[in-house]
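Notes follow once the structure below has been shown.
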Amino acid sequence: QVQLVESGGGLVQAGGSLRLSCVASRLTFSMYTMGWFRQAPGKEREFVAAITWSGGNTDCADSVKGRFTISRDNAKNTVTLQMNSLNPEDTAVYYCAARYGRLDYIKPFKEEYSYWGQGTQVTVSS
């Protein structure tokens, strides 16, 4: 069974940084687009960022552009989300997700992703 395990969440003050990691197992990692989504209390799960199978194409939500960076290491089955200049609106549970296919485009829709991690909590205090 495919497993996606996130780590790196926590409590940080506004303006601070966190680095989230997701390690995938029981799948051919290089066959998947990897994405990060987040869900705040009472809100829908929303797209944050994604990276294609080769790392050649990335996309992120307008709300995080210039602050968050997604990267991947196919040799380590790992995708990372570097989050800088955090603000309280970034508080949410962050989920790692995998979408099958060596595609060179990204669709920021959660319905496109087949596998999900359990999530890691990120809390930004003001």
Side-chain angles (χ1 to χ4, degrees):
Q1 186 172 351
V2 172
Q3 279 193 321
L4 303 177
V5 180
E6 304 97 335
S7 63
L11 174 64
V12 64
Q13 288 188 330
S17 298
L18 283 175
R19 186 178 180 89
L20 304 184
S21 293
C22 170
V23 179
S25 59
R26 301 191 185 103
L27 54 68
T28 305
F29 189 69
S30 63
M31 291 296 294
Y32 288 81
T33 290
M34 298 301 297
W36 287 95
F37 290 76
R38 67 186 182 186
Q39 188 166 17
K43 294 189 176 181
E44 292 285 324
R45 191 171 298 189
E46 65 175 5
F47 173 77
V48 175
I51 185 166
T52 52
W53 66 277
S54 66
N57 192 14
T58 63
D59 191 18
C60 61
D62 288 343
S63 60
V64 306
K65 276 182 181 173
R67 302 188 297 124
F68 291 12
T69 302
I70 188 170
S71 60
R72 68 187 294 159
D73 184 339
N74 285 351
K76 296 182 179 179
N77 284 15
T78 300
V79 59
T80 299
L81 185 68
Q82 177 66 43
M83 306 187 296
N84 298 328
S85 301
L86 286 160
N87 59 61
E89 289 70 39
D90 295 316
T91 295
V93 177
Y94 283 70
Y95 297 91
C96 175
R99 179 176 189 256
Y100 181 78
R102 284 192 167 178
L103 308 169
D104 292 319
Y105 58 87
I106 290 169
K107 289 189 176 182
F109 307 118
K110 58 184 182 294
E111 294 78 13
E112 297 283 341
Y113 292 77
S114 303
Y115 301 111
W116 293 84
Q118 291 299 307
T120 185
Q121 176 70 47
V122 171
T123 303
V124 184
S125 63
S126 57

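The residues of the chain are indexed from 1 along the displayed sequence. Here the structure is a predicted model, which is why all the values come from computation and not from measurement.
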Applying a strict under-4.5 Å side-chain criterion to I, L, V, M, F, W and Y, I'd like to know whether [X] and [Y] cluster together.
X	Y	result
F29	I51	yes
F37	V64	no
L81	V122	yes
V79	V2	yes
V48	V23	no

Side chain to side chain contact (heavy atoms under 4.5 Å, CB included) partner of S7, the single match among C22, S21, C96: S21

Carefully, step by step, assess M83 and W36 under the rule side-chain contact (heavy atoms from CB on, under 4.5 Å). CA-CA 12 Å; M83 306 187 296; W36 287 95; over 6 Å; no

Please report the shortest heavy-atom distance between [X] and [Y], naming the atom on each side.
X	Y	result
Y32	A98	CD2-CB, 3.7 Å
R38	S63	NH2-OG, 3.5 Å
R26	Q1	CD-O, 2.9 Å
S126	P88	CB-CG, 3.8 Å
Q82	S17	NE2-CB, 4.0 Å
G119	E6	N-OE1, 2.9 Å

Residues which pass side-chain contact (heavy atoms from CB on, under 4.5 Å) with T91, listed by chain and number, not counting sequence neighbours: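 If we apply the side-chain contact (heavy atoms from CB on, under 4.5 Å) test to T91, skipping adjacent residues, the hits are Q121, T123, V124.
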
Kindly compute the distance separating CG (L27) from CG (N77), expressed to the nearest 0.5 Å. 6.5 Å

First locate atom NZ of K76, then atom CG of N74, and finally report the distance between them rounded to the nearest 0.5 Å. 12.0 Å

Quick one, M34 with L4, criterion side-chain contact (heavy atoms from CB on, under 4.5 Å). Give me CA distance, side-chain angles, the key distance, then yes/no. CA-CA 10 Å; M34 298 301 297; L4 303 177; 4.1 Å; yes

Would you indicate whether the side-chain heavy atoms of M31 and Y100 approach each other to under 4.5 Å? yes

Take Y113 and T33 through the test side-chain contact (heavy atoms from CB on, under 4.5 Å) and record every step on the way to the result. CA-CA 9 Å; Y113 292 77; T33 290; 3.8 Å; yes

Give me the ring orientation class for Y94 and F68: parallel if the planes are under 30° apart, tilted from 30 to 60°, perpendicular past 60°. tilted

Side-chain donor/acceptor of D59 to backbone N/O of A50, under 3.5 Å: no

What I want to check is whether the side chains of S30 and R102 have a donor and an acceptor closer together than 3.5 Å.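 Yes, a side-chain donor-acceptor pair sits under 3.5 Å.
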
